[in-house]
Visitor: 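Can you read through this structure? Questions will come right after.
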Amino acid sequence: MDRSRPGSKHHLVVDGGGLPLGVLLTAANVADVRGIEPVLDEIPEVGGKPGPRRSRPDAAYADRGYDSQAVRTALRARGITPYIARRRTGHGSGLGLFRWVVERTFAWLHQFRRLRVRFERRADIHTAFLWMACGLICLRELKK
């Protein structure tokens, strides 16, 4: 694998319906495990039921790129139950029943050409387009 390839990677946290809660932009040659804590910090406080506002999920479903003991420990320290597919195991872990929501949101994000193919040299501009796309996705879903 070529670790020096150019490009960027989008890390995404969504709710059960696929609405983006947090998004992070990293370089393509950065390991996935380094992006999970910063993207969890992006989750805003969410109201709803009576009581204190929530700012963390109950569980996190992630693909094999996030499989490490450090990630599992960090998630448990935040009170989040990790469901992460193990590396070097066959497919069929059962996480696809939940992960498809995230993959669908990635498909919605990459319908915007500026996010699918990165033209901006500056990361802050690309991040702004990323957040704008997340806002449009939320608006489209809430209008339904």
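These numbers come from the heavy atoms of this one structure, side chains and all, not from hydrogens, waters or symmetry mates.
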Visitor: Write down the atom of Gly65, the atom of Val33, and the distance for their closest heavy-atom approach.
Guide: O-CG1, 3.5 Å

Visitor: Consider only side-chain heavy atoms of I, L, V, M, F, W and Y, link residues closer than 4.5 Å, and tell whether Tyr66 and Trp100 are in one cluster.
Guide: no

Visitor: Do any pairs count as a side-chain hydrogen bond (donor to acceptor under 3.5 Å, both in side chains) and have a residue in residues 75-84, sequence neighbours left out, and if so which ones?
Guide: Asp41-Arg78

Visitor: Within this structure, what is the CG-NZ distance for the pair Leu139 and Lys144, rounded to the nearest 0.5 Å?
Guide: 11.5 Å

Visitor: Mind checking whether Pro82 and Val71 have side chains closer than 4.5 Å, heavy atoms only?
Guide: no

Visitor: Below 4.5 Å, heavy atoms only, C-beta onward: do Leu115 and Phe129 meet side chain to side chain?
Guide: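 SC-SC contact between Leu115 and Phe129 confirmed.
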
Visitor: Can you check whether Thr26 reaches Ser8 side chain to side chain, under 4.5 Å on heavy atoms?
Guide: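 They are not in contact (no side-chain heavy atoms under 4.5 Å apart), so the answer is no.
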
Visitor: With the side chain counted from C-beta on, respond yes when His126 and Arg121 share a heavy-atom pair under 4.5 Å apart, and no when they do not.
Guide: no

Visitor: Work out which heavy atom in Arg34 is nearest to a heavy atom in Val30; give both atom names and the distance.
Guide: CB-CG1, 4.1 Å

Visitor: With a 4.0 Å cut-off, would you call Lys9 and Asp32 a salt bridge?
Guide: yes

Visitor: Starting at CZ of Arg114, measure out to CD1 of Ile125 and round the result to the nearest 0.5 Å.
Guide: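 One gets 8.5 Å once the value is rounded to the nearest 0.5 Å.
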
Visitor: How many angstroms lie between atom CG of Asp63 and atom CZ of Arg87, to the nearest 0.5 angstrom?
Guide: 9.0 Å

Visitor: Check for me, please, whether Trp108 and Met132 land in the same ILVMFWY cluster - side-chain distances under 4.5 Å, paths through other members count.
Guide: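 They do share one cluster, since a chain of ILVMFWY contacts under 4.5 Å joins Trp108 to Met132.
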
Visitor: Is there a side-chain contact between Ile84 and Leu75 (heavy atoms, below 4.5 Å)?
Guide: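 Ile84 reaches Leu75 side chain to side chain.
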
Visitor: Quick one: closest heavy-atom pair of His10 and His110, and the distance?
Guide: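 Minimum heavy-atom separation between His10 and His110: ND1-NE2, 3.3 Å.
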
Visitor: Heavy-atom distance under 4.5 Å between the side chains of Val101 and Val14, does that happen here?
Guide: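 A side-chain contact under 4.5 Å exists here.
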
Visitor: What is the minimum heavy-atom distance between Leu24 and Gly35, and which atoms define it?
Guide: CD2-O, 3.6 Å

Visitor: Looking only at non-hydrogen atoms, find the nearest pair between Gly17 and Arg104 and report the distance.
Guide: O-NH2, 2.6 Å

Visitor: If every non-hydrogen atom of Ala123 is compared with every non-hydrogen atom of Leu25, which pair is closest and at what distance?
Guide: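 Distance-wise, the nearest heavy atoms are O-CD2, 3.7 Å.
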
Visitor: If the condition is side-chain contact (heavy atoms from CB on, under 4.5 Å), which residues does Asp58 pass it with, not counting sequence neighbours?
Guide: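 Asp58: side-chain contact (heavy atoms from CB on, under 4.5 Å) contacts with Arg54, Arg56.
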
Visitor: Can Phe119 and Arg113 be said to form a side-chain contact (heavy atoms from CB on, under 4.5 Å), step by step?
Guide: CA-CA 9 Å; Phe119 296 107; Arg113 185 168 175 255; 3.7 Å; yes

Visitor: Please identify which of these residues, Val39, Ile36, Leu40, meets the side-chain contact (heavy atoms from CB on, under 4.5 Å) condition with His11.
Guide: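 That would be Val39; it is the only one of Val39, Ile36, Leu40 passing the side-chain contact (heavy atoms from CB on, under 4.5 Å) with His11.
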
Visitor: Begin with the C-alpha distance, continue with both residues' side-chain angles, and end with the deciding distance and a verdict on side-chain contact (heavy atoms from CB on, under 4.5 Å) for Leu130 and Phe112.
Guide: CA-CA 9 Å; Leu130 195 56; Phe112 299 100; over 6 Å; no

Visitor: Report whether Ile80 and Ile43 are members of the same hydrophobic cluster (ILVMFWY, side-chain heavy atoms less than 4.5 Å apart, transitive linking).
Guide: yes

Visitor: Does one hydrophobic cluster hold both Ile137 and Leu21, with members joined at side-chain heavy-atom distances below 4.5 Å?
Guide: no

Visitor: Roughly how far, to the nearest 0.5 Å, is CD of Glu103 from CG of Leu12?
Guide: 9.5 Å

Visitor: Does a side-chain heavy-atom distance below 4.5 Å link Val23 with Val13?
Guide: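 With C-beta onward as the side chain, the pair stays apart.
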
